[in-house]
**Q** 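The structure that follows is given in the form of structure tokens.
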Amino acid sequence: ISDMDLWKAGDSLTAEILVAYFPSSHHMRRSAESIAALSGGDLYAIRAIAPYSERPRSMKREIKAERKENIFPSLHGALPDLSGYRKIILGFPLISGRCPNLVRSFLRQSDLRGKILYPYCITRFRRIGNCNEDLQSECNAYLVLPCRNVDRMDQSTIRAWLEAGE
């Protein structure tokens, strides 16, 4: 899965759920794969043309510099066709309480009209910060649910969260 930009779950050509995530760490990739398996959704990795450092501290510095300099990285590869999806589960690392500009680039380029956005992050902190504002300002989704920290959720909580926007 890690080498593929889009992985289809099941046999159907279209699915109701897409799990799009910024593969910033093995932990983020594993959480996205788990959520895709739990939800039956397809998996899409949001990647930049110019890859980030694999070292966590260096990557954080790069992401913070993009925000400070108002740089929105170009996405690697084609965006998935979102027309067959009703729910978009969006995963990203929380950096200084904000959504990375790479994820904001994905939102800016995606037509999310009529979709429900389920954002989640991975952070060791309890507070989500300003990422909800970032998401609201960047996307045209029908409904943007509050960002959740999946580090603090078990499978039953994740299932309830996915049912919340219905």
**Q** State, yes or no, whether a side-chain contact exists between Met59 and Ser24 at a heavy-atom distance under 4.5 Å.
**A**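 Met59 reaches Ser24 side chain to side chain.
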
**Q** Taking all non-hydrogen atoms of both residues into account, name the closest pair between Ile46 and Ala20 and its distance.
**A**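 Scanning both residues, the minimum pair turns out to be CD1-CB, 4.0 Å.
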
**Q** Looking at Ser74, is its backbone amide N or carbonyl O close enough to the side chain of Ser105 to form a donor-acceptor pair, meaning the two atoms are under 3.5 Å apart?
**A**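 Not at all, since once roles are kept as given, no pair shorter than 3.5 Å links the two residues.
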
**Q** Flag the pair Ser25 / Pro56 as yes when at least one side-chain heavy-atom distance between them is below 4.5 Å, and no otherwise.
**A**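 The answer is no, as the side chains (C-beta and beyond) never meet within the 4.5 Å cut-off.
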
**Q** First locate atom CD1 of Ile88, then atom CG of Leu18, and finally report the distance between them rounded to the nearest 0.5 Å.
**A**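 Going from the CD1 atom of Ile88 to the CG atom of Leu18 covers 4.5 Å.
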
**Q** So that I know where these two stand, are Phe22 and Tyr52 an aromatic pair - ring centroids less than 6.0 Å apart?
**A**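 Yes, close enough.
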
**Q** With rounding to the nearest 0.5 Å, note down the distance linking CG in Leu38 to CG in Leu162.
**A**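 CG of Leu162 is found 6.5 Å from CG of Leu38.
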
**Q** First locate atom CG of Asp42, then atom CD of Glu16, and finally report the distance between them rounded to the nearest 0.5 Å.
**A**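 Answer rounded to 0.5 Å: 11.0 Å.
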
**Q** Output yes when a side-chain donor or acceptor of Ser137 lies under 3.5 Å from a complementary backbone atom of Asp134, and no otherwise.
**A**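 Yes, the answer is positive, given that a donor and an acceptor are paired below the 3.5 Å cut-off.
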
**Q** Heavy atoms, side chains only, cut-off 4.5 Å: are Tyr118 and Leu90 in contact?
**A**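 Side-chain contact under 4.5 Å: no.
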
**Q** Under 4.0 Å between a side-chain nitrogen and a carboxylate oxygen: does that hold for Arg159 and Glu163?
**A**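 Between Glu163 and Arg159 there is no salt bridge, as every charged N stays at least 4.0 Å from the carboxylate O atoms.
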
**Q** Side chains of Arg148 and Ile158: closer than 4.5 Å at any heavy-atom pair?
**A**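 Heavy-atom side-chain distance check fails, nothing below 4.5 Å.
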
**Q** For a quick test of reading the model, state the closest non-hydrogen atom pair linking Trp161 to Pro119 and the distance between them.
**A**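 Closest approach of Trp161 to Pro119, heavy atoms only: CZ2-O, 3.3 Å.
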
**Q** Distance-only, no hydrogens or angles: does the Asn132 side chain make a donor-acceptor pair with backbone N or O of Cys147 under 3.5 Å?
**A**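 Looks like yes, one N/O pair under 3.5 Å.
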
**Q** Between the main-chain N or O of Cys99 and the side-chain N or O of Arg67, is there a donor-acceptor pair closer than 3.5 Å?
**A**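 Flag set: sc Arg67 to bb Cys99 pair under 3.5 Å.
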
**Q** Check whether Asn101 reaches the backbone of Ile71 with its side chain - one donor and one acceptor, N or O, closer than 3.5 Å.
**A**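 Pair found, side chain donor or acceptor close to backbone of Ile71.
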
**Q** Using the ring of Phe72 (Phe, Tyr or Trp, six-membered ring only), decide whether Arg108 places NZ or CZ under 6.0 Å from its centre and within 45 degrees of its axis.
**A**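 Yes, Arg108 and Phe72 form such a contact.
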
**Q** Verify side-chain contact (heavy atoms from CB on, under 4.5 Å) between Leu107 and Leu112, making sure each step is shown before the conclusion.
**A** CA-CA 8 Å; Leu107 292 172; Leu112 299 175; 3.7 Å; yes

**Q** Is it the case that the side chain of Ser39 and the backbone of Gly41 share a donor-acceptor pair, with hydrogens and angles ignored and the cut-off at 3.5 Å?
**A**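 Between the backbone of Gly41 and the side chain of Ser39 there is a qualifying donor-acceptor contact (under 3.5 Å).
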
**Q** Going from CG on Leu145 to NZ on Lys87, what distance comes out if it is rounded to the nearest 0.5 angstrom?
**A**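 Spacing of CG (Leu145) from NZ (Lys87) equals 9.5 Å.
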
**Q** Any chance you could lay out the side-chain contact (heavy atoms from CB on, under 4.5 Å) test for Met28 and Tyr21, step after step, and finish with the verdict?
**A** CA-CA 8 Å; Met28 177 58 79; Tyr21 73 104; 4.0 Å; yes

**Q** Does some side-chain heavy atom of Ser31 sit less than 4.5 Å from a side-chain heavy atom of Tyr120?
**A**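 They are in contact (side-chain heavy atoms under 4.5 Å apart), so the answer is yes.
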
**Q** For Ser110 and Asn140, work out which heavy atoms get closest and say how close.
**A**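 The answer is O-OD1, 3.8 Å.
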
**Q** Quick one: closest heavy-atom pair of Ala78 and Tyr44, and the distance?
**A**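 Shortest heavy-atom separation between Ala78 and Tyr44 comes out as O-OH, 3.6 Å.
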
**Q** Are Leu102 and Leu75 close enough, and set up right, to give a side-chain contact (heavy atoms from CB on, under 4.5 Å), and what steps lead you there?
**A** CA-CA 7 Å; Leu102 175 64; Leu75 299 174; 3.4 Å; yes

**Q** Using 0.5 Å steps for rounding, measure from the CD atom of Gln136 to the CG atom of Leu117.
**A**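 Going from CD on Gln136 over to CG on Leu117, the span is 8.5 Å.
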
**Q** How long is the span from the CG atom in Asn149 to the CG atom in Leu94, to the nearest 0.5 Å?
**A**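 Asn149 CG to Leu94 CG: 8.0 Å, rounded to 0.5 Å.
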
**Q** Would you find a donor on one side and an acceptor on the other, under 3.5 Å apart, between the side chain of Lys115 and the backbone of Tyr85?
**A**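 Looks like yes, one N/O pair under 3.5 Å.
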
**Q** Distance-only, no hydrogens or angles: does the Ser53 side chain make a donor-acceptor pair with backbone N or O of Arg55 under 3.5 Å?
**A**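 Between the backbone of Arg55 and the side chain of Ser53 there is a qualifying donor-acceptor contact (under 3.5 Å).
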
**Q** Answer yes or no: is there a side-chain heavy-atom contact under 4.5 Å between Glu66 and Pro73?
**A**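 Yes, side chains in contact.
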
